[in-house]
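Worksheet: the structure to be examined is printed underneath.
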Protein chains: 2
Amino acid sequence: MNKKITIQEIATMAGVAKSTVSRYLNNGYVSKEKAALIDKVITQTGYKSNFFARRLKTKNSKLIGIVMPRLDSFSASKLLAGFNSILQKEDYQVLILVSDLQIDKEIANIRQLIQQGVDGIIVQSIAITKEHLSIVKNAPIPILFTGQSHPDTTYLKVNDIKAGHIMGEYIASLNHKNVAYLGVSPLDIAVGVDRYKGFADTFLSIIPDGKIHFIETDFNFDTAYKKGNEVLFYKPTAVICATDNIALGLLRYLHEKNIKVPQDISLTGFGGYPYSKVSYPSLTTISFDYKYLGAKTAEKLLSMLHGNAVQSEFDNNMVLLTQESTRKI
Amino acid sequence: MNKKITIQEIATMAGVAKSTVSRYLNNGYVSKEKAALIDKVITQTGYKSNFFARRLKTKNSKLIGIVMPRLDSFSASKLLAGFNSILQKEDYQVLILVSDLQIDKEIANIRQLIQQGVDGIIVQSIAITKEHLSIVKNAPIPILFTGQSHPDTTYLKVNDIKAGHIMGEYIASLNHKNVAYLGVSPLDIAVGVDRYKGFADTFLSIIPDGKIHFIETDFNFDTAYKKGNEVLFYKPTAVICATDNIALGLLRYLHEKNIKVPQDISLTGFGGYPYSKVSYPSLTTISFDYKYLGAKTAEKLLSMLHGNAVQSEFDNNMVLLTQESTRKI
DNA sequence: CTGTTAGCGCATTCAT
DNA sequence: ATGAATGCGCTAACAG
């Protein structure tokens with residue numbers, strides 16, 4: 001067990017006042033000789049200033065709170081890596097709270113983080129409620145949203161409408177007319193509404209006599225699998241799925257029914273998850289760079305911290321990954 | 001902006017001394033009337049005690065440090081989810097530092113966490129050096145390792161030898177005699193040495209005239225892909241890959257060479273990553289439950305925190321997932 | 001340039 | 001049961 005050594009002790013060991021040591025530590029003016037003395041004692045004792053005492057004085061914690069709906073998903077891990085890549089570089093530390101996909105827990109987490117004195121918060125929200133808005137309004141620190149957007153908050157998120165738009169253009173260019181869209185609940189504005197709307201508007205504007213059969217599912221592989229029967233009922237030539245995971249669930253179903261992709265049906269996803277490359281056939285998808293998005297988000301929060309006015313925005317960094325699962329008809 | 005309200009303010013508002021408020025907050029004895037008064041003021045002001053001041057006094061931070069080599073991997077995200085599931089429940093918060101797969105950064109991170117006054121640390125290590133040992137020995141707090149093991153530390157990790165053993169038995173049972181092992185550097189004791197040794201010892205003990213061609217690669221999909229040529233040189237009937245990711249890289253190569261799995265070559269991985277189920281063919285693998293492992297690890301750290309003697313151990317929670325990529329010859 | 005002093009907000013003696 | 005006083009370890013005036 002290391003005895004905890006304080007600034008006072010190293011001060012006496014170096015034969016100076018503790019304020020001098022403090023100055024030395026905080027880029028204050030200290031004479032060369034004293035500095036050398038202090039430096040020596042510090043290195044040989046391995047002294048480190050007490051985190052909590054320092055924070056108590058200085059008011060800024062160098063802590064960033066992160067609220068995530070869950071940790072064990074592809075996008076979550078990439079986002080986190082992105083946040084961390086720039087936060088850690090700027091000497092900020094990251095305090096992560098998980099909401100388990102529960103909206104009330106998300107709110108409680110934000111509250112807790114504020115109370116704890118973090119310098120700023122990034123919230124990957126599942127839905128922005130009035131309560132969120134009220135918290136943000138009264139919060140003494142900047143709060144940045146991602147995942148969902150709302151005009152009264154500052155956010156940085158994937159441009160789901162644009163993603164849908166790109167997909168709509170692509171599917172139209174392949175001459176599909178009767179398609180199915182395997183989407184999620186409209187309670188999820190980003191994925192459930194925007195992504196679908198982006199697709200549908202574009203697709204129908206290019207193919208006026210096109211037909212889109214919307215089928216609702218959730219984010220689970222297995223649920224998508226179970227919707228296979230319903231999808232086939234409409235005899236679509238292409239199925240657009242709201243996420244790669246959904247697409248893979250359906251692909252499994254099609255495999256088992258011996259329906260060939262893309263010969264019989266074209267299939268697409270959204271996300272650019274790693275499995276989209278290794279599935280058979282590989283999956284045409286819109287790939288989002290979540291790590292990059294995470295880094296951008298962290299940068300944005302930092303500039304909010306520095307008092308710069310920042311505006312909400314959509315990240316347009318996405319690419320249509322045309323792979324083997326789609327074909328022209 | 002919320003003005004930060006202190007214990008003193010609510011004390012005067014309630015007409016009592018701040019020590020009384022403090023007692024109220026910390027289960028001390030307070031008369032019913034005063035308690036009611038204080039309670040009222042607290043709820044109406046939404047007062048929360050200052051995190052840093054409290055920590056400065058009480059010495060325990062309710063913070064657990066986590067050191068990870070990287071965040072954006074399947075196992076990392078599952079582990080994190082596991083850590084968090086039990087830590088958050090016990091009112092601990094999690095401070096995460098990333099080492100970017102660099103050993104010196106890993107050590108620096110551990111040091112930083114100790115200095116910051118966390119109550120305990122979980123390190124997913126990439127290699128345990130003498131420096132690690134020295135830190136642990138002098139640390140005033142418990143440090144628990146996962147990922148790698150060393151007799152002089154406390155650890156909880158996957159039993160790689162057993163995993164290799166299971167795979168060895170399985171491959172032997174399929175009558176393969178000439179196999180290739182696509183593994184990683186022996187600098188990684190867990191995956192590079194133990195996993196391979198577990199396989200090789202078991203396989204050769206069952207098939208004494210068996211032949212194992214070891215080919216070294218790294219953890220990347222692309223590198224494994226590039227090793228395809230070398231693997232085929234030995235004309236193996238089965239290829240055992242040290243991770244699912246490696247297996248998928250090779251699978252991609254085999255696809256392109258039009259070599260059928262499992263008809264021409266059987267293929268296996270380790271990990272039980274989600275893609276092992278959606279690849280074509282689906283991949284036979286040893287599946288580890290990383291989330292469960294993370295939860296167990298967190299529990300172990302907690303009991304170390306409570307001063308209980310805990311011993312290093314291997315987690316034997318794994319299952320052979322026999323899927324489509326292997327066959328008997 | 002440096003030492004002395006005064007809090008930051010809280011928990012905890014110690015009296016009462 | 002409660003109030004007054006002390007100090008956790010540190011930074012930031014303030015004199016010198």
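Below, all heavy atoms of this structure are taken into account, side chains as well, without hydrogens, waters or symmetry copies. Per chain, numbering begins at 1; letters A, B, ... match sequence-line order.
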How close or far is atom [atom2] of [N] from atom [atom1] of [X], stated in whole angstroms?
X: Lys48(B); N: dA11(C); atom1: NZ; atom2: P; result: 13 Å
X: Tyr29(B); N: dA11(C); atom1: OH; atom2: P; result: 18 Å
X: Asn60(A); N: dA12(D); atom1: CG; atom2: P; result: 10 Å
X: Phe51(B); N: dC8(C); atom1: CZ; atom2: P; result: 20 Å
X: Leu37(A); N: dC1(C); atom1: CG; atom2: C1'; result: 15 Å
X: Arg54(B); N: dG7(D); atom1: CZ; atom2: P; result: 22 Å
X: Phe52(A); N: dG7(D); atom1: CZ; atom2: P; result: 23 Å
X: Leu25(A); N: dA12(D); atom1: CG; atom2: P; result: 11 Å

Within the 4.0 Å heavy-atom criterion, would you say [X] contacts the bases, only the backbone, or no part of the nucleic acid?
X: Lys18(B); answer: base
X: Tyr47(B); answer: sugar-phosphate
X: Ser22(B); answer: base
X: Arg23(A); answer: base

Steps toward ring pair (Phe, Tyr, Trp, His ring centres under 6.0 Å) verdict (Phe314(B), Tyr155(B)): CA-CA 8 Å; Phe314(B) 291 110; Tyr155(B) 59 84; 5.5 Å; yes
Base dG3(C) to side chain Ser19(A), donor-acceptor N/O within 3.5 Å cut-off: yes
No-H, no-angle donor-acceptor pair, Lys57(A) side chain to dG7(C) base, under 3.5 Å: yes
Does [X] make a side-chain N or O approach to OP1 or OP2 of [N] shorter than 4.0 Å?
X: Lys34(A); N: dG3(C); value: yes
X: Thr20(B); N: dG3(D); value: yes
X: Ser31(A); N: dT2(C); value: yes
X: Asn50(A); N: dC10(D); value: no

Audit row: Ile107(A), Thr129(A), side chain to side chain contact (heavy atoms under 4.5 Å, CB included) steps and yes/no: CA-CA 9 Å; Ile107(A) 288 173; Thr129(A) 66; 3.8 Å; yes
Closest to the Thr58(A) side chain, choosing from dC10(D), dT11(D), dC8(D): dT11(D)
Nearest-nucleotide 5' precedence on DNA chain D, Ala17(B) against Lys59(B): Ala17(B)
Chi angles and distances behind the salt bridge (Lys or Arg N to Asp or Glu O under 4.0 Å) call for Lys291(B), Asp72(A): CA-CA 9 Å; Lys291(B) 186 164 183 180; Asp72(A) 51 346; 3.6 Å; yes
Test log, rule side-chain hydrogen bond (donor to acceptor under 3.5 Å, both in side chains), inputs Thr154(B) and Gln311(B): CA-CA 6 Å; Thr154(B) 307; Gln311(B) 57 208 26; over 6 Å; no
Option among Asp119(B), Ile86(B), Leu87(B), Leu144(B) that satisfies the side-chain contact (heavy atoms from CB on, under 4.5 Å) test with Leu301(B): Leu144(B)
